[in-house]
S.K.: 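If you scroll down you'll find the structure; I have some questions about it.
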Amino acid sequence: MAKMWAGRFQKEENAQVNDFNSSISFDQRMYRDDIDGSIAHATMLGEQGIIAPEEAAEICRELGVIRTDLDEGRLEIDPAAEDIHMFIEAELTARLGDTGKRLHTARSRNDQVALDIRTNLRGEIPQIQGLLRDLTELLCRLAGEHTRTVMPGYTHLQRAQPITFGHHLMAYAQMFLRDCGRLSDCLKRMNISPLGSGALAGTTYPLNRERAAGLLGYDGVTQNSLDGVSDRDFCIELSSDLSILMMHLSRFSEEIILWCSWEFKFIELDDAFATGSSIMPQKKNPDIAELVRGKTGRVVGDLVALLTVMKGLPLAYNKDMQEDKEAVFDSVDTVKLCLRTFIPMLESMTVLKENMRAAAAKGFINATDCADYLVKKGLPFRDAYKAVGQLVALCIRRGEVLETLPLEEYRRICPAFAEDVYPAIDLEACVNGRRVTGGPAEESVRRQIEWVRQELVQFPQGAQEGGR
Ligand code: ARG
């Protein structure tokens with residue numbers, strides 16, 4: 001096919017160069033965004049008298065037909081086209097002749113592509129937020145069922161202090177809530193239209209940039225034409241928000257993997273969300289959680305790719321920037337895929353409460369509470385801490401736990417101990433004493449759930465059970 005710039009060139013493009021240069025394989029997903037942008041541009045050109053209003057109307061009408069033809073598979077995207085922008089313009093011109101050729105007046109592919117990516121990504125954000133909202137609502141529901149499910153809380157992966165499974169789940173709810181907020185912040189900066197920046201230096205035509213932006217639902221227009229075409233911060237920002245989100249999902253996956261090992265056995269994944277081994281008949285593997293953890297590397301890689309592509313580019317547009325799309329689209333697709341699989345996996349898992357309780361009973365996770373008991377009896381904390389350290393060492397030697405150690409032994413180490421030490425170190429009492437805001441006590445976790453549910457209301461609704 002003859003190139004648009006055939007007038008300037010004496011030779012046809014080398015076939016390999018054509019493929020190398022082409023982005024149609026990955027930018028065709030923006031065809032609706034490109035058509036929307038062109039309709040807004042043509043409408044504005046007509047209104048401004050830059051092209052004849054009748055021609056503008058004809059262009060808009062035909063672009064609508066092209067969109068339906070693409071939607072319904074009557075028109076196929078030509079894989080040899082350079083990109084989606086060229087393809088649609090060529091198709092329009094094939095259908096409308098000279099009128100079609102007027103669409104690109106006062107526009108460059110540089111501001112066109114900058115606009116299209118924004119339009120495309122801005123549509124993805126509410127979808128991801130919807131999935132996050134589903135996930136967070138699920139966490140709230142599960143947490144509500146487990147406000148009394150005592151488990152060990154860990155630091156350094158060593159049993160540390162007693163918490164509940166509900167409290168543990170609500171920690172993740174906080175992370176995903178922040179992820180939702182970050183995406184809203186990103187959307188705010190993304191929703192500014194670069195259209196009208198031209199190739200780099202704006203245009204001499206009397207454009208009404210605000211009008212075109214308004215037609216597309218943008219909140220405003222970019223304020224410097226060089227920046228308008230060369231900025232990809234919105235891709236990087238989204239990709240970085242998605243990397244943080246995946247980091248959260250990856251930590252959660254890591255815990256799920258640990259929890260379903262024989263060493264922990266805190267949960268059991270549903271058979272439909274686990275896999276077997278090709279050789280070891282006993283195996284039930286948490287592949288999904290592992291893949292989510294693995295795909296986190298990929299999303300972080302996309303972010304690093306974007307930063308690396310952009311870091312050395314002089315102003316304004318450079319073809320390097322065509323590399324933005326595969327990276328940012330891949331992070332969007334990967335995140336959606338992971339969330340869509342992770343949610344039902346979590347929803348269908350079985351919580352093995354007794355095993356959590358049994359693990360909590362070992363490991364001296366009430367030692368801090370035992371020291372606090374002595375503090376209440378008047379000892380300075382450091383002395384109490386030392387006495388309990390000696391008690392723990394004694395228990396380990398005798399193969400006991402604090403709950404079973406006889407009172408004489410307690411009193412031998414510190415005479416302040418009395419019979420009431422036993423209820424004070426009872427695990428349920430230890431948990432429910434931590435009523436502080438953000439703590440693991442049942443009432444505190446219920447308040448957390450309430451708070452998160454209220455916060456979630458501001459974000460787009462997800463598919464919930466039905467639509468996934
Ligand atoms: N396919 C190109 C991209 O994705 C569109 C912009 C091309 N602009 C140019 N001056 N060659 O970046």
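Note that ligands are numbered from 1 as they come in the structure, with each ligand's atoms numbered from 1 the same way. Every heavy atom of this structure was used, including side-chain atoms; hydrogens, water molecules and symmetry mates were not. Computed from a predicted model, the values in this text were never measured in an experiment.
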S.K.: I'd like to know if the side chain of Q48 pairs up with that of Y205 as donor and acceptor (distance under 3.5 Å, no hydrogens or angles considered).
M.R.: no

S.K.: Ignoring hydrogens and angles, state whether a donor on the side chain of Q322 or S23 is under 3.5 Å from an acceptor on the partner side chain.
M.R.: yes

S.K.: Would you say ligand 1 has an N or O under 3.5 Å from any N or O of K319?
M.R.: no

S.K.: Could you find the nearest protein heavy atom to atom 11 (N) of ligand 1 and give me its residue, atom name and distance?
M.R.: R109 NH2, 3.6 Å

S.K.: List the closest protein heavy-atom neighbour of atom 5 (C) of ligand 1: residue, atom name, distance to the nearest 0.1 Å.
M.R.: D83 OD2, 3.4 Å

S.K.: Answer yes or no for K325: is there a heavy-atom contact with ligand 1 below 4.0 Å?
M.R.: yes

S.K.: Do we see a donor-acceptor contact under 3.5 Å between the side chains of E47 and N208?
M.R.: no

S.K.: Establish, for the pair R118 and F234, whether the NZ or CZ atom is under 6.0 angstrom from the six-membered ring centre and no further than 45 degrees off its axis.
M.R.: yes

S.K.: Measure the distance from atom 2 (C) of ligand 1 to every protein heavy atom, then report the residue, atom name and distance (to 0.1 Å) of the closest one.
M.R.: Q322 OE1, 3.2 Å

S.K.: Which residue owns the protein heavy atom closest to atom 6 (C) of ligand 1, what's the atom, and how far is it?
M.R.: Y317 OH, 3.4 Å

S.K.: Run the numbers for me: atoms of ligand 1, each under 4.0 Å from some heavy atom of S23, listed by number.
M.R.: 1 (N)

S.K.: Does only the side chain of N110 get under 4.0 Å from ligand 1, or the backbone, or both, or neither? Count heavy atoms.
M.R.: side chain

S.K.: Centre of Y218's six-membered ring, under 6.0 Å away, within 45 degrees of the axis: is that where NZ or CZ of R122 sits?
M.R.: yes

S.K.: Looking just at side-chain N and O atoms, do R446 and T147 make a donor-acceptor pair shorter than 3.5 Å?
M.R.: yes

